[in-house]
2 protein chains.
Amino acid sequence: MVQYLTPPLDLSFTALSDATRRGIIDQLGRGDASITSLADKFQMTLTGMKKHVQVLERAGLVVTQKVGRVRTCKLGERGLKAEAEWIEAHRKLFEARFEALDEIISEMQQEGSDD
Amino acid sequence: MVQYLTPPLDLSFTALSDATRRGIIDQLGRGDASITSLADKFQMTLTGMKKHVQVLERAGLVVTQKVGRVRTCKLGERGLKAEAEWIEAHRKLFEARFEALDEIISEMQQEGSDD
DNA sequence: TAAATACTGAACTATATGGTTCAGTATTTA
DNA sequence: TAAATACTGAACCATATAGTTCAGTATTTA
């Protein structure tokens, strides 16, 4: 059984916090891509794109390999399992707090003394 | 039907990228809490904790209400639905790229010309 | 072998994060 | 009413993001 090392959630949630990087993941889902092709697609300098890819790599979400002068990027084998697990576990936490729906509804009828 | 405004994923993934803030969500899942009690629990100054709570608030994950001199924090009604949806959709993307398992296995037998 | 291509690294800018201290203000409580 | 409590805001620090330009190096290709 192969074990992929999962970097801490800090790194992956940081990687996912930028729309361009989420777009890169979308794109790589449609096929591997070079830094240049990604830079073109997202209207950015090569250097800028390289930095985004590095953030994704650090998080283990993307792996790259340089062959000749071309660096090819693809989705990392580790996937988004750890992230999905955290989100799902905590989604239940949120829902548990609000299953007393009538409380919310009655709150809606009165004005809260908020700031 | 109540519609909760969902701030962009940028804000929520940024909020989730810090271990202290993920811990705050854990904690609020066990019950509402004041800024002071959270600051104590996470060994941080009041001001530092307030900033973390503000990041969570901006993302809609936490809501706060000040009554008297105490600001009480609780989990936001909007939950983690949007985040779960993004993660799940893209998890499938990752998996689709790797369902050709034999490719991976054969890759494991040969050395890649990596950098 | 000369030119084009693909990337890399350093340096710079502006803004955000993650924390602090210090000096307030507002609200309880004794 | 004086003191304690709970928060707030400004200012500061170090580091990270998100981008750029410019000057390389390495690899194809003509």
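Naming: A, B, ... by sequence-line order, numbering from 1 per chain.
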Nearest-Å distance for atom pair [atom1]/[atom2], residues [X] and [N]:
X     : N      : atom1 : atom2 : answer
B:M49 : D:dT8  : CE    : P     : 13 Å
A:L11 : D:dA16 : CG    : P     : 11 Å
B:L38 : C:dG19 : CG    : P     : 14 Å
A:Q54 : C:dT8  : CD    : C1'   : 9 Å
B:Q43 : C:dT20 : CD    : P     : 10 Å
A:D10 : C:dG19 : CG    : P     : 10 Å
A:L56 : D:dT17 : CG    : P     : 12 Å
B:K50 : C:dG18 : NZ    : P     : 16 Å

Pick the closest DNA chain C nucleotide for A:K51 and for A:R69 by heavy atoms, then say which residue is nearer the 5' end.
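With A:K51 and A:R69 compared, the 5'-side residue is A:R69.
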Is a donor-acceptor contact shorter than 3.5 angstrom present between the side chain of B:T47 and the base of C:dG19?
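Such a pair does not exist between side chain and base.
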So which one's nearest nucleotide on DNA chain D is more toward 5', A:G48 or A:T14?
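Here A:T14 is the residue nearer the 5' end.
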Need to verify one output field. Residue with the more 5' nearest nucleotide on DNA chain D, A:S17 or B:I35?
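Between the two, 5'-proximity favours B:I35.
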Should [N] form a Watson-Crick or G-U wobble pair with both distances under 3.5 Å, which nucleotide is its partner?
N      : answer
D:dT15 : C:dA16
C:dA30 : D:dT1
D:dA23 : C:dT8

Kindly assign one of parallel, tilted or perpendicular to the pair A:W86 and A:F13, based on the angle between their ring planes and the thresholds 30° and 60°.
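Geometry flag for A:F13 against A:W86: perpendicular rings.
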Taking only N and O in the side chain of [X], is any of them less than 4.0 Å away from OP1 or OP2 of [N]?
X     : N      : value
B:H52 : C:dG19 : yes
A:R71 : C:dT5  : no
B:R58 : C:dT17 : yes

[X] side chain vs [Y] backbone, donor-acceptor pair below 3.5 Å:
X     : Y     : result
A:R58 : A:V53 : no
B:R21 : B:H52 : no
A:R22 : A:L16 : yes

Let's see if you can work this out: which of C:dT21, D:dA18, C:dG19 has an atom nearest to the side-chain heavy atoms of B:D18?
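The answer is C:dG19, which lies nearest to the side chain.
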Looking at the side chain of A:M44, which of D:dA6, C:dT21, D:dG19 is the nearest nucleotide?
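Closest of the options to the side chain of A:M44: D:dG19.
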Give the cluster check for A:I87 versus A:L80: same hydrophobic cluster or not, with ILVMFWY residues linked at side-chain heavy-atom distances below 4.5 Å.
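Yes; tracing contacts between hydrophobic side chains, which count when under 4.5 Å, links both residues.
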Test of understanding: clusters of I, L, V, M, F, W, Y form through side-chain heavy atoms closer than 4.5 Å, transitively. Do B:F42 and B:L28 belong to the same one?
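Yes, because B:F42 and B:L28 connect within a single hydrophobic cluster, where side-chain heavy atoms sit under 4.5 Å apart.
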Base, sugar-phosphate alone, or nothing: which one does A:L46 contact when heavy atoms must sit under 4.0 Å apart?
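Base contact.
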